[in-house]
J.: 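Structure below; questions to follow.
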Amino acid sequence: HTKENGGNRLGIYTPALSSKRVERFNMENGLRYALERNELTLNFQPQVSLVTGKVYGAETLLRWNSPDGTTIQPGEFIPLAEETGLIVPIGQWVLEQACVECKRWIHAGMPSLVISVNISALQFQQDDFPEIVRNVLRNTGIEPFNLCLEITEHTAVQNLEHSIRMLGELVSIGVKIAIDDFGIGQSSLLWLKKLPVHIVKIDPSFILNMIEDSDDDAIAKAVIEMSHSLGLSVTAEGVETERQLERLQQLQCDRIQGFFTGRPMTSDQFIAYFLEISSWMNE
Ligand code: C2E
Ligand code: MG
Ligand code: MG
Ligand code: MG
């Protein structure tokens, strides 16, 4: 065995290091063909309004059914897809397929549902991204208000001038913009008032322990109040218990997404979920 590119600082071979490299190489190769081999699938996780109790929409979450029969979670392959640039064609596919599914939901009697799609930094940096979004809306026939694009706080603050221009164009199309993973970045909050965005998503790391940890509760409360005073609405992610739901309702959080109201599911399961909640509410 020889050391290839000096990835190991000391230049000392270890079996563990070597197998990590092989694993990465195999995954990168596999990911290259995942799209054309139809190995990527989408899950949808419900977002529920705390004001009306109704289903607001769903977030699109990518899964990779690898040839060895296991399902790989995005945390394991999205970073690699971003490093290799493969996230651009993959993200484009996700955007299109999500809108195709949303069109099905509209046909099934849910005209005002909002489909949320995660947009990675590389996609957001493409100058023709607004054109891409316009084309997808046109080709799938959903309305701009049916689509929400999720940009992480990290992506949004990387290049503020670009973000202001890009978000301005996207907002003028009529789509919604959500800031994802809010609160975990190091950035100042000043940028938030400069950017045209509609929704702030509180990161699960603040919600998971908010009942036990008064600091987390204070952060959630502050984010909700600040967002509201800037005219933005708030989605709390990672809600797993009824107590968290009740506390967030008390704090006037607008909507929640989490295992308590629904795990990520298939498109068909989401339609059934929606119909079940609607019939329960009409009883
Ligand atoms: P995210 O956009 O913040 O998505 C929310 C993550 O929280 C999802 O993980 C979801 O399954 C998880 N989650 C939801 N409710 C709960 C809960 O009650 N408790 C806990 N512990 N977790 C909960 P997932 O599906 O593994 O996705 C992880 C991340 O991968 C996403 O974070 C997003 O950043 C990225 N991702 C997923 N799909 C895509 C995609 O199509 N494109 C891009 N660029 N990134 C994606
Ligand atoms: Mg997201
Ligand atoms: Mg998030
Ligand atoms: Mg996240």
J.: Does anything in residues 210-219 pair up under salt bridge (Lys or Arg N to Asp or Glu O under 4.0 Å), and if so which pairs, sequence neighbours excluded?
T.: D217-R247
J.: Pairs in or reaching into residues 129-138: which pass salt bridge (Lys or Arg N to Asp or Glu O under 4.0 Å), with residues at least two apart or in two chains?
T.: E131-R134
J.: Is the shortest heavy-atom distance from the side chain of L42 to the side chain of S267 under 4.5 Å?
T.: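 When only atoms from C-beta onward are counted, S267 and L42 do not touch, as no gap falls below 4.5 Å.
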J.: With a cut-off of 6.0 Å (strictly less than), are more than 12 heavy atoms of other residues, nucleotides or ligands near NE2 of H154?
T.: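 No, because the 6.0 Å sphere around NE2 of H154 holds 12 heavy atoms or fewer from other groups.
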J.: Using a 3.5 Å distance criterion without hydrogens, assess whether the side chain of N146 forms a donor-acceptor pair with backbone atoms of V114.
T.: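 Between the backbone of V114 and the side chain of N146 there is no qualifying donor-acceptor contact (under 3.5 Å).
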J.: Which value, rounded to the nearest 0.5 Å, describes the distance between W64 atom CH2 and L40 atom CG?
T.: 8.0 Å
J.: Within a strict 4.5 Å, meaning less than it, do heavy atoms of the L192 and M226 side chains meet?
T.: yes
J.: Applying salt bridge (Lys or Arg N to Asp or Glu O under 4.0 Å), can you list everything that pairs with R104, at least two apart in sequence or on another chain?
T.: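 So R104 forms a salt bridge (Lys or Arg N to Asp or Glu O under 4.0 Å) with E101, D268.
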J.: Under the side chain to side chain contact (heavy atoms under 4.5 Å, CB included) rule, collect the residues that match up with K103, sequence neighbours excluded.
T.: H107, I142
J.: Is it the case that the side chain of D254 and the backbone of T235 share a donor-acceptor pair, with hydrogens and angles ignored and the cut-off at 3.5 Å?
T.: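 Side chain of D254 to backbone of T235: no pair is present.
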J.: Looking at I177, is its backbone amide N or carbonyl O close enough to the side chain of H198 to form a donor-acceptor pair, meaning the two atoms are under 3.5 Å apart?
T.: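 Between the backbone of I177 and the side chain of H198 there is a qualifying donor-acceptor contact (under 3.5 Å).
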J.: Please tell me if the side chains of V234 and L248 come closer than 4.5 Å, counting only heavy atoms from C-beta onward.
T.: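 Counting from C-beta outward, V234 and L248 never come under 4.5 Å.
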J.: Do the non-hydrogen side-chain atoms of I132 and Q126 ever get within less than 4.5 Å of each other?
T.: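 Side chain of I132 against side chain of Q126, heavy atoms only: contact under 4.5 Å found.
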J.: Given 3.5 Å as the limit, does a donor-acceptor pair link the side chain of E237 with the main chain of I256, or not?
T.: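 A pair under 3.5 Å: no.
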J.: Is any side-chain heavy atom of M210 less than 4.5 Å from a side-chain heavy atom of I207?
T.: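 In contact.
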J.: Look only at the side chain of Q244 and the backbone of E240, and say whether a donor-acceptor pair between them is shorter than 3.5 Å.
T.: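 Present.
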J.: Check the pair E28 / R32 against salt bridge (charged side-chain N to carboxylate O under 4.0 Å, His left out), numbers first and verdict last.
T.: CA-CA 6 Å; E28 186 176 330; R32 231 168 259 291; 2.9 Å; yes
J.: Can you list every pair that meets ring-ring contact (aromatic ring centres under 6.0 Å, His included) and has a residue in residues 117-140, with sequence neighbours left out?
T.: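 Qualifying pairs, neighbours excluded: F124-H162.
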J.: When you measure from the side chain of T155 to the backbone of I151, do you find a donor-acceptor pair of N or O atoms at a distance under 3.5 Å?
T.: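 Judged by distance alone, no pair lies under 3.5 Å.
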J.: Ignoring hydrogens and angles, tell me if any N or O in the side chain of T60 forms a donor-acceptor pair with the backbone of S116 under 3.5 Å.
T.: yes
J.: To the nearest 0.5 Å, what is the distance between CD on E276 and CD1 on I271?
T.: 14.0 Å
J.: Ignoring hydrogens and angles, write down the donor-acceptor pairs under 3.5 Å from the side chains of residues 74-98, residues two or more places apart or on other chains.
T.:
from	atom 1	to	atom 2	distance (Å)
E83	OE1	R24	NH1	2.8
E83	OE1	R24	NH2	3.3
T84	OG1	L80	O	2.8
T84	OG1	A81	O	3.3
T84	OG1	L86	N	3.4
Q92	NE2	E96	OE2	2.9

J.: Which residues pass the side-chain hydrogen bond (donor to acceptor under 3.5 Å, both in side chains) test with D68, sequence neighbours left out?
T.: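 Scan of D68 (side-chain hydrogen bond (donor to acceptor under 3.5 Å, both in side chains), adjacent residues dropped) gives S66, T70.
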J.: Nearest 0.5 angstrom please: Q47 CD to T261 OG1, how far?
T.: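 So the gap between those two atoms works out to 9.5 Å.
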J.: Count the heavy atoms belonging to other residues, nucleotides or ligands that lie under 6.0 Å from CD of Q249, then report whether that count exceeds 12.
T.: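 Yes, CD of Q249 has more than 12 neighbouring heavy atoms, counting only those of other groups under 6.0 Å.
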J.: If I take atom OG from residue S163 and atom CE from residue M166, how far apart are they, to the nearest 0.5 angstrom?
T.: 8.5 Å
J.: Who are the side-chain hydrogen bond (donor to acceptor under 3.5 Å, both in side chains) partners of E143, not counting sequence neighbours?
T.: none
J.: Please list all pairs meeting ring-ring contact (aromatic ring centres under 6.0 Å, His included) that have one or both residues in residues 244-283, counting only residues at least two apart or in different chains.
T.: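 Only W105-F270 qualify under ring-ring contact (aromatic ring centres under 6.0 Å, His included).
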J.: Which atom pairs, one a donor and one an acceptor, fall under 3.5 Å between side chains of residues 50-59 and the rest of the protein, sequence neighbours left out?
T.:
from	atom 1	to	atom 2	distance (Å)
T52	OG1	S49	OG	3.2
T52	OG1	K54	N	3.1
E59	OE1	K201	NZ	2.9
E59	OE1	Q257	NE2	2.7
E59	OE2	N118	ND2	2.8

J.: Can you tell which of D180, I179, D203, D181 makes a side chain to side chain contact (heavy atoms under 4.5 Å, CB included) with E153?
T.: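 With E153 as partner, side chain to side chain contact (heavy atoms under 4.5 Å, CB included) holds for just one option, I179.
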J.: OG of S172 to CG of L167: how many Å apart, nearest 0.5 Å?
T.: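 So the OG of S172 and the CG of L167 are separated by 11.0 Å.
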J.: Any non-hydrogen side-chain atom of E161 less than 4.5 Å from a side-chain atom of N159?
T.: yes
J.: For Y33, which residues count as a side chain to side chain contact (heavy atoms under 4.5 Å, CB included) partner, sequence neighbours excluded?
T.: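 Here the qualifying residues are E36, R37.
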J.: About how many Å separate CD1 of I119 and CD of E150, when rounded to the nearest 0.5 Å?
T.: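 Between E150 CD and I119 CD1, I get 9.0 Å after rounding to 0.5 Å.
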J.: Among residues at least two apart in sequence or on other chains, which ones pass side-chain hydrogen bond (donor to acceptor under 3.5 Å, both in side chains) with K221?
T.: E225
J.: List the atom of A220, the atom of I202, and the distance in Å for their closest heavy-atom pair.
T.: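 Answer, listing the atom of A220 first, then I202: O-CD1, 4.1 Å.
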J.: Under 4.5 Å between any side-chain heavy atoms of L137 and I173, yes or no?
T.: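 Counting from C-beta outward, L137 and I173 do come under 4.5 Å.
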J.: Give a yes or no answer on whether the side chain of N43 reaches the backbone of R63 with a donor-acceptor pair at less than 3.5 Å.
T.: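 No; zero donor-acceptor contacts below 3.5 Å.
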